[in-house]
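Working notes for the structure below.
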Amino acid sequence: MTPAITLPSFAPVEYQTLRDNAYAQLREALMTGQFIPGQRVTIRGLAAALGMSPTPIREAVRRLAAERAIEAEPNRWMRIPILTAAQLRELRAIRLALEGLAAEEAARRITPAEIAEVQRHEEEIVALRPLGDPKQMIPRISRLHFAIYRASAMPDLVRIIESLWLRSAPYSNLLFPGYTRMEKGRLRAAVIAALKRRDALEARTLIQADIAGALDYILIFADRPTWPKIQFDPAAE
């Protein structure tokens with residue numbers, strides 16, 4: 001009989017933790033609109049902002065570049081891509097299909113606790129609306145959407161949707177203030193109502209309408225010769 005093999009005890013590797021932490025924070029920032037299209041940030045600037053040495057930042061940047069979330073010269077800088085109208089239309093089509101499916105399944109499976117979480121995010125969004133600050137609003141909108149998608153109990157689907165948001169979320173900044181003042185979260189509120197009724201087809205239809213409305217507005221800018229300038233902190237460059 002083969003004797004049991006006992007693995008040695010390994011001490012935690014601090015570098016691995018730093019690298020993963022840098023990746024997680026940059027990924028979250030991308031998914032919540034904390035960067036804008038075309039923005040370029042130096043590795044040194046990111047290291048200072050995250051309170052880390054440049055080495056784990058470089059590793060995180062390489063990983064995000066491999067996922068096509070950013071463009072990068074890993075030893076020097078990362079940049080948020082400017083997507084073409086054709087690329088945005090492709091993302092729109094894929095997001096409609098996948099996020100529609102996630103919302104439909106969520107309506108069938110969502111628990112009272114999950115509905116309460118979605119409602120809490122919506123209340124935070126409504127409370128922040130008078131400020132009109134995308135840096136505060138977009139993260140909460142992202143959390144609301146993914147609270148819905150996780151309720152689908154389809155983790156692989158959620159991971160694919162996250163990869164799409166990595167590329168499209170920086171463009172959410174273009175929705176402020178014009179689109180958000182016009183739409184005022186009506187479709188989002190209707191999605192929540194459909195989830196509470198467990199109306200799966202209505203939840204799919206409404207989440208698709210919400211996504212389509214936002215991306216169609218962004219595509220207005222993509223079809224122009226130049227993108228509008230979005231203000232951001234120049235110290236981050």
Test log, rule salt bridge (Lys or Arg N to Asp or Glu O under 4.0 Å), inputs E73 and R79: CA-CA 9 Å; E73 170 53 61; R79 180 168 53 216; over 6 Å; no
Electrostatic pair R120:E123 at N-O distance under 4.0 angstrom: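 Salt bridge: no.
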Would you call [X] and [Y] a side-chain contact if the rule is heavy atoms closer than 4.5 Å?
X: K135; Y: N173; result: yes
X: R198; Y: R108; result: no
X: Q25; Y: M52; result: yes
X: R188; Y: I125; result: yes

Aromatic plane relationship, H145 with W165 - under 30° parallel, 30 to 60° tilted, over 60° perpendicular: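 Tilted: the ring planes of W165 and H145 meet at 30° to 60°.
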Mutual orientation of the aromatic rings belonging to Y217 and Y179 [parallel < 30°, tilted 30-60°, perpendicular > 60°]: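 Y217 vs Y179 ring planes: tilted.
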Same apolar cluster: V191 and L201, side chain cutoff 4.5 Å: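 Different hydrophobic clusters.
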Stepwise side-chain contact (heavy atoms from CB on, under 4.5 Å) test for K196 and Q119: CA-CA 10 Å; K196 291 176 178 177; Q119 187 65 54; 2.9 Å; yes
For R95, all residues meeting salt bridge (charged side-chain N to carboxylate O under 4.0 Å, His left out), sequence neighbours excluded: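 In terms of salt bridge (charged side-chain N to carboxylate O under 4.0 Å, His left out), with neighbours along the sequence ignored, R95 is linked to E99.
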Flag for T205-Q208: side-chain donor and acceptor within less than 3.5 Å: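 No, no side-chain donor-acceptor pair sits under 3.5 Å.
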